Amino acid sequence: MVSGTTQVVAVIGHPIAQVKSPDNFNHYFAGQQIDSVMIPVDIAPEAVDAYLQALRGCCNMSGVLVTVPHKQRAAALVDELTPRARHLGAVNAIRRLPDGRLQGDMLDGLGFMMAADGHGFSPAGKRALLCGCGGVGSAIAWSLCEGGIAHLALHDASPAMLQQLQQRLAQHFPGVAITGLPDSLDNLDLLVNGSPAGMPGCDLLPLPAALLASLGPSTHVADVVTAPVMTPLLTLARERGCPVQTGPEMAFAQMPLLGEFIGAMPRQAEAAV
Ligand code: NAD
């Protein structure tokens, strides 16, 4: 029951009906008997500035999660960014510091890495192909580079998005070989779909079928799309015998990181993952 003592956190987006965080967090709060609630806030882009301004003075709100389309806009509006959020120009979590200033972080990449780690996949010295160089794809690319990936091939339907990420990574990670789409997938350690391909209404696959024909059984194949859980790419990969990692696995792995950052979960939750 929400009462006068309840602490409030929120997830902001536009639209908002699709988000899973309120379900996940409110089940967690109820299970742990924590007097907190997560509310969904459908907020128009032009109102995000005023909303964050109000958050600076909200004493019973410790933070908010940020989803599409506000991740970039919100990064420009907070008072402080973690180094990775500053480099990526996007946030998916904002917390209110004790003095009322707002700090933003981008945890999508870490969530992906934790889910991959759960499969025993480590990026150090490996070869990867990432499809989709937008918000989530960029965060994953950043974490792969931080994790010591040796070779990262990038693909995006938009040449401008591809070029932007390519330049950003080349500047910060000169030791990583960044290339375009390879001719074959046969010696790939990791294939990631970081694009919406596979969601209803989007392209079925993020890569040409002819190229996917060269996918071998030892490649770890991951998707960020959460619905459907088994995307056409993951279904194809499973048929080839590849280990597969789903979008909900990434979301679930990220929850303690997000919860701790916005002050909705205790610190030890991160260590327990
Ligand atoms: P975005 O719009 O910022 O970026 C998407 C990128 O994919 C764009 O650069 C676009 O040009 C590219 N793209 C689209 N279709 C493509 C195709 N067929 N082939 C290659 N590239 C293509 O979006 P985003 O915020 O990065 O979200 C991407 C996906 O990640 C969405 O489906 C979203 O629901 C999902 N997501 C998952 C999690 C999770 O925890 N699993 C978290 C956040 C977002």
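Note that ligands are numbered from 1 as they come in the structure, with each ligand's atoms numbered from 1 the same way. Predicted model only: the values in this text are computed from it and were never measured.
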Check M61 against A10 and note the closest heavy-atom contact, atom names and distance.
CE-CB, 3.9 Å

Please write down residue, atom name and distance for the protein heavy atom closest to atom 3 (O) of ligand 1.
G135 N, 3.0 Å

Does any N/O atom on G247 come nearer than 3.5 Å to any N/O atom on ligand 1?
yes

Going by atom type alone, with no hydrogens or angles, which donor-acceptor pairs under 3.5 Å involve a side-chain atom of residues 202-219 and a protein atom two or more places apart or on another chain?
{"residue": "S214", "atom": "OG", "partner": "L185", "partner atom": "N", "Å": "2.9"}
{"residue": "S214", "atom": "OG", "partner": "L211", "partner atom": "O", "Å": "2.6"}
{"residue": "T219", "atom": "OG1", "partner": "L188", "partner atom": "O", "Å": "2.7"}

Considering only residues two or more places apart or on different chains, which pairs with a residue in residues 143-153 satisfy salt bridge (charged side-chain N to carboxylate O under 4.0 Å, His left out)?
none

Going by the closest heavy atom to atom 30 (O) of ligand 1, which one wins out of V224, T226, L130?
V224

Looking only at protein heavy atoms, which one is nearest to atom 19 (N) of ligand 1, and how far off is it?
P206 O, 3.6 Å

Evaluate the side-chain proximity of I149 to K126: yes if any heavy-atom separation is below 4.5 Å, no if none is.
yes

Show me which atoms of ligand 1 lie under 4.0 Å from any heavy atom of M161.
9 (O)

Under a 4.0 angstrom heavy-atom cut-off, which atoms of ligand 1 come close to G194?
28 (C)

Under 3.5 Å: donor-acceptor pair, side chain of D223, backbone of G247
no

Given A251, A139, S195, which one has a non-hydrogen atom that is nearest to atom 22 (C) of ligand 1?
S195

Is there side-chain contact between S21 and M38, with at least one heavy-atom pair below 4.5 Å?
yes

Work out whether the distance between some heavy atom of G111 and some atom of ligand 1 is less than 4.0 Å.
no

Just to be sure I'm reading this right: ignoring hydrogens, which of T67, D108, T231 gets closest to atom 42 (C) of ligand 1? Compare them by their nearest heavy atoms.
D108

Treating Q254 as the side-chain partner and D108 as the backbone partner, does any N or O pair qualify as donor plus acceptor under 3.5 Å?
yes

Hey, does the side chain of N92 reach the backbone of L107 with a donor-acceptor pair shorter than 3.5 angstrom?
yes

If you have a sec, work out which protein heavy atom is nearest atom 17 (C) of ligand 1 and how many Å separate them, to one decimal?
D203 OD2, 3.8 Å

Heavy-atom side-chain proximity of L65 to V19 below 4.5 angstrom
no

Atom 13 (N) of ligand 1 touched by protein heavy atom at under 4.0 Å
yes

Distance to 0.1 Å, residue and atom name: give those for the protein heavy atom nearest to atom 8 (C) of ligand 1.
D156 OD2, 3.5 Å

Between M255 and Y28, is any pair of side-chain heavy atoms under 4.5 Å apart?
yes

Within this structure, what is the CG-CE distance for the pair L257 and M114, rounded to the nearest 0.5 Å?
4.5 Å

Among A253, P196, P208, whose heavy atom sits nearest atom 15 (N) of ligand 1?
P196

For S158, counting its heavy atoms only, list the atoms of ligand 1 lying under 4.0 Å from any of them.
11 (O)

Atom 32 (O) of ligand 1: nearest protein contact (heavy atom, Å)
M199 SD, 3.0 Å

May I ask you to identify the nearest protein heavy atom to atom 44 (C) of ligand 1, giving residue, atom name and distance to one decimal place in Å?
V136 CG2, 3.3 Å

Distance from atom 4 (O) of ligand 1 to nearest protein heavy atom, with residue and atom
G134 CA, 3.3 Å

Counting only nitrogen or oxygen atoms and a 3.5 angstrom limit, does A157 reach ligand 1?
yes

Sub-4.0 Å atoms of ligand 1 with respect to non-hydrogen atoms of A197
18 (N)

Report yes if V68 has an N/O atom closer than 3.5 Å to an N/O atom of ligand 1; otherwise report no.
no

So, does D189 use its side chain to make a donor-acceptor pair with the main chain of R127 at under 3.5 Å?
yes

